[in-house]
**Student:** 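The structure under discussion is supplied below as structure tokens; questions concerning it will follow.
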Amino acid sequence: MTDREHSLRTRLVQRSRPAAGQRRVVNPPIMRASTVLYENVAALRATRTERAERQRTFSYGTHGTPTTFALEDMIADLEGGYRTRVSGSGMAAIAFGLMPFVKPGEHFLITESAYEPVRKFVKAFLEPWGVICEVYKADGSDIVGRFRSNTKLVYAEVPGSGAFEMLDLPALARETKKRGITLAVDNTWGSGILYQPLKLGADVSMLAATKHIVGHSDVLLGAVTTTKEAWAPVHDMHDAFGICISGDDAYLALRGVRTMAVRLPVHEATTMQICKWASQRPEVAAVLWPAWPSHPGHEIWKRDFKGACGLFSLEFKAPQAKVDRFIDSLKCFQIGASWGGYESLVNLTNIPGTRVVTDWSKHGPIVRFHAGLEDPVDLIADLEQAMKHLV
Ligand SMILES: *Cc1c(COP(=O)(O)O)cnc(C)c1O
């Protein structure tokens, strides 16, 4: 490379676009394809050879198209990884990112703070398949004692879903590397801009592109990105299951990712204002957000993250019935799953039900919020008017 390497923010705008040298539009065109046509038999044979060698060829729709390749390249760059495979949802990405690295009879460690449906995947598939699954503490403090001679895979999520517990990933990666264990991480909260697990020693990073990358709550999409060493099994597993996405979805995700680096600081600044305000309120027992100074693990966040997003939780002192009325009376924060879009959302959590190692039973109701791109003044006023239901 002759030019100096551009910053990630610049690369998100400039890369994965149609090549120079012809009259062209700004965005990569949408390619909808199952069949790809060949000029002659020699071209068909050459493509098959190329597919085996490069593990990427525009040869048939399930193997991807120029539109999906453009998105994969963008996400690989965002994650600081070697290569990426995309799939139809964040949950699918997690499943296809984990399966290549553990087999029946082997031991798998999963954090108690994982996105809850991942535990369903464990119960519905991994365990019946014969994998020995064990849950470890969200902060990772008990993990070394749980390693067995047949432990093959550790799954982390940083920060944890709902309560945003922090974990020292570089320290965990040192332990897994020593033992030849694969370390996989759900990176949806940090999404590359804020956090790059592969640069901190993880082998596999999955994310729900549905959230920050798409950014507009209109596409479901997942991505698995790996180091060079972990790439082949992930690629082969995606091919084995015929995992692919539509050109339309890839196009929308590429459009979303262009503005991601400028959206996230707005989500962060708004959330900081809300947390400052909430921490002063007598109805609030705790602010759960890694960028908040009293949050457990805040120091790890400062060391390992480049910023924070708009997903946070508040613990309330009032009982759940009053908290339900508080949620019902919110107007800017609409009730709904998912997050990372431009709009503010609120959702229930199940922290005591999912944290099977750490005791959360003494805590009050915990509500998860996503601070969108609305004016923080309006968001705080909305929370304030609803708080009358908490007394
Ligand atoms: C939403 C989410 C997922 C799953 O993404 P989908 O695209 O909804 O399947 C996985 N992990 C985390 C942390 C999430 O918030």
Side-chain angles (χ1 to χ4, degrees), residues 71 75 78-79 84-99 110-122 124-125 138 155-167 169 184-197 202 204-225 238 241 243-246 249-250 252-253 256-257 260 264 267 271 288-290 301 305 308-313 335-351 354-355 366-372:
L71 176 63
I75 296 177
L78 192 59
E79 288 267 36
T84 297
R85 282 294 296 250
V86 287
S87 53
S89 71
M91 190 54 233
I94 293 165
F96 293 115
L98 293 178
M99 275 194 286
I110 176 172
T111 175
E112 60 180 341
S113 65
Y115 171 69
E116 206 176 344
V118 182
R119 298 270 284 280
K120 241 176 254 171
F121 166 71
V122 167
F125 175 71
Y155 178 62
E157 183 178 329
V158 195
S161 266
F164 309 104
E165 301 97 325
M166 292 301 303
L167 173 141
L169 195 72
V185 182
D186 182 331
N187 189 28
T188 304
W189 198 88
S191 280
I193 299 259
L194 310 177
Y195 193 52
Q196 293 186 315
V204 182
S205 179
M206 303 91 150
L207 52 82
T210 308
K211 313 290 168 56
H212 290 133
I213 290 178
V214 167
H216 296 75
S217 304
D218 49 6
V219 179
L220 287 155
L221 204 74
V224 187
T225 306
H238 281 71
F241 278 83
I243 301 307
C244 51
I245 67 165
S246 77
D249 286 351
L252 285 170
V257 81
M260 191 177 158
L264 283 177
H267 290 293
T271 307
L288 300 174
W289 191 49
W301 172 80
F305 282 71
C309 70
L311 194 74
F312 68 102
S313 289
I335 303 168
S338 205
W339 51 279
Y342 59 85
E343 79 288 12
S344 288
L345 292 168
V346 57
N347 204 358
L348 302 173
T349 64
N350 178 22
I351 305 300
T354 50
R355 272 47 169 189
I366 294 170
V367 177
R368 194 191 76 178
F369 297 87
H370 175 251

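For ligands, and for the atoms within them, numbers begin at 1 and follow the listed sequence. Since we're looking at a predicted model, the values are computed, not measured.
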**Student:** Walk me through it: do Val257 and Leu78 pass the test side-chain contact (heavy atoms from CB on, under 4.5 Å)?
**Tutor:** CA-CA 10 Å; Val257 81; Leu78 192 59; 4.2 Å; yes
**Student:** In chain order, what residues pass the ring-ring contact (aromatic ring centres under 6.0 Å, His included) check against Tyr155, with sequence neighbours excluded?
**Tutor:** none
**Student:** Using the side-chain hydrogen bond (donor to acceptor under 3.5 Å, both in side chains) criterion, which residues pair with Arg119? Sequence neighbours excluded.
**Tutor:** none
**Student:** Given Glu343 and Ser217, is the side-chain hydrogen bond (donor to acceptor under 3.5 Å, both in side chains) satisfied, shown in steps?
**Tutor:** CA-CA 8 Å; Glu343 79 288 12; Ser217 304; 2.7 Å; yes
**Student:** So which residues, sorted by chain and number, lie with a heavy atom under 4.0 Å of ligand 1?
**Tutor:** Ser89, Gly90, Met91, Ile94, Tyr115, Glu157, Ser161, Asp186, Thr188, Ala208, Thr210, Lys211, Leu220, Trp339
**Student:** Looking only at non-hydrogen atoms, find the nearest pair between Leu221 and Asp249 and report the distance.
**Tutor:** CD1-CB, 4.3 Å
**Student:** Check ring-ring contact (aromatic ring centres under 6.0 Å, His included) between Phe241 and all other residues, then give those that pass, not counting sequence neighbours.
**Tutor:** Phe96
